Amino acid sequence: MGRIFVVELEGRSYRCKFCKTHLALAEDLVSRAFHCRRGKAYLFNNAVNLIVGALEERLMLSGLHTVADIFCCCCGQIVGWKYEAAHERSQKYKEGKFVLERGRIVDEVDFATEFYIDTRPSMSDAEDA
């Protein structure tokens, strides 16, 4: 089958709920207003570490779309779908974008990028004491 190369994302990311593999960056989040059969879903401009399934025509609340289910490349769990084509002009913005189901991802903050707070007393703190 071949070797799987996993992309490690830097910064705040969304990961597979089942195996914690990085899937998308928070900065690529387009919308939190999507829904799927299992609940809420998020629309992203980009996603990584995915296997794209077969294309199919799917009738959704917003109309007919050509989509492909997407799976985590490490554990194989379905995590959402990719919009390949939208048949209505008002839905064209979705083409090429990824929907990750909220119940199948976790939001993780990369603490290495957080700011550092110095808790040692400074000169003015010592003078106030």
Side-chain angles (χ1 to χ4, degrees):
M1 178 173 144
R3 174 179 253 164
I4 296 175
F5 292 96
V6 177
V7 176
E8 294 284 328
L9 299 173
E10 291 186 25
R12 183 174 171 202
S13 63
Y14 291 88
R15 300 176 182 222
C16 174
K17 175 182 176 180
F18 306 98
C19 69
K20 306 300 186 268
T21 299
H22 291 168
L23 298 176
L25 286 171
E27 63 193 45
D28 286 325
L29 180 63
V30 175
S31 174
R32 290 186 172 106
F34 280 69
H35 295 279
C36 62
R37 283 174 254 157
R38 296 179 194 90
K40 293 181 178 182
Y42 294 172
L43 182 69
F44 290 87
N45 278 323
N46 298 302
V48 296
N49 300 324
L50 299 170
I51 297 169
V52 180
L55 294 178
E56 64 178 79
E57 298 293 320
R58 198 175 289 170
L59 185 59
M60 300 185 166
L61 294 174
S62 58
L64 185 64
H65 299 276
T66 303
V67 299
D69 286 331
I70 52 176
F71 305 86
C72 174
C73 72
C74 290
C75 68
Q77 288 286 328
I78 186 167
V79 291
W81 66 90
K82 180 180 181 185
Y83 284 106
E84 292 293 340
H87 299 284
E88 295 181 28
R89 174 174 276 166
S90 66
Q91 301 299 308
K92 292 287 187 187
Y93 75 96
K94 296 177 182 176
E95 292 182 343
K97 292 184 173 52
F98 301 84
V99 174
L100 297 177
E101 297 179 16
R102 189 65 188 108
R104 297 183 166 273
I105 59 174
V106 290
D107 179 359
E108 300 219 356
V109 176
D110 181 354
F111 292 105
T113 62
E114 293 295 307
F115 56 89
Y116 172 73
I117 299 174
D118 187 0
T119 58
R120 294 175 293 164
S122 67
M123 190 61 128
S124 62
D125 291 334
E127 291 172 356
D128 292 338

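In this text, all values refer to a predicted model and were calculated from it rather than measured experimentally.
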Closest approach of [X] to [Y] (non-hydrogen atoms, all atoms of both residues):
| X | Y | value |
| --- | --- | --- |
| Gly76 | Phe71 | O-CD2, 3.5 Å |
| Val6 | Cys73 | CG2-SG, 4.4 Å |
| Ile70 | Val99 | CD1-O, 3.8 Å |

task = Look at the side-chain heavy atoms of Ile, Leu, Val, Met, Phe, Trp and Tyr, link any pair under 4.5 Å apart, and say whether Tyr42 and Val52 land in one connected group.
result =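 Yes; Val52 is reachable from Tyr42 via cluster members.
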ask   = Leu50 and Val48: same hydrophobic cluster, using ILVMFWY side-chain contacts below 4.5 Å?
value =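 No, because Leu50 and Val48 fall into different hydrophobic clusters, even though each may have its own neighbours under 4.5 Å.
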Nearest-0.5 Å distance, [atom1] of residue [X] to [atom2] of residue [Y]:
| X | Y | atom1 | atom2 | result |
| --- | --- | --- | --- | --- |
| Leu29 | Ser13 | CG | OG | 12.5 Å |
| Arg15 | Ile105 | CZ | CD1 | 12.5 Å |
| Leu100 | Leu43 | CG | CG | 9.0 Å |
| Phe34 | Lys97 | CZ | NZ | 9.0 Å |
| Lys82 | Phe98 | NZ | CZ | 4.0 Å |
| Thr66 | Leu55 | OG1 | CG | 7.0 Å |

Would you indicate whether the side-chain heavy atoms of [Y] and [X] approach each other to under 4.5 Å?
| X | Y | answer |
| --- | --- | --- |
| Val79 | Lys17 | no |
| Arg12 | Asp107 | yes |
| Cys16 | Cys75 | yes |
| Arg104 | Leu23 | no |

query = Hey, is NZ on Lys40 packed in by over 12 heavy atoms from elsewhere, all under 6.0 Å?
reply =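 Not more than 12 within 6.0 Å, no.
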request  = Please identify each residue that fulfils side chain to side chain contact (heavy atoms under 4.5 Å, CB included) with Val67, with sequence neighbours left out.
outcome  =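 For Val67 the side chain to side chain contact (heavy atoms under 4.5 Å, CB included) partners, ignoring immediate neighbours, are Glu56, Arg58, Met60, His65, Trp81, Tyr83.
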Would the distance check show the side chain of [X] and the main-chain N or O of [Y] forming a donor-acceptor pair, the cut-off being under 3.5 Å?
| X | Y | result |
| --- | --- | --- |
| Asn49 | His22 | yes |
| Glu95 | Ala86 | yes |
| Arg102 | Gly39 | no |
| Asp28 | Asn45 | no |

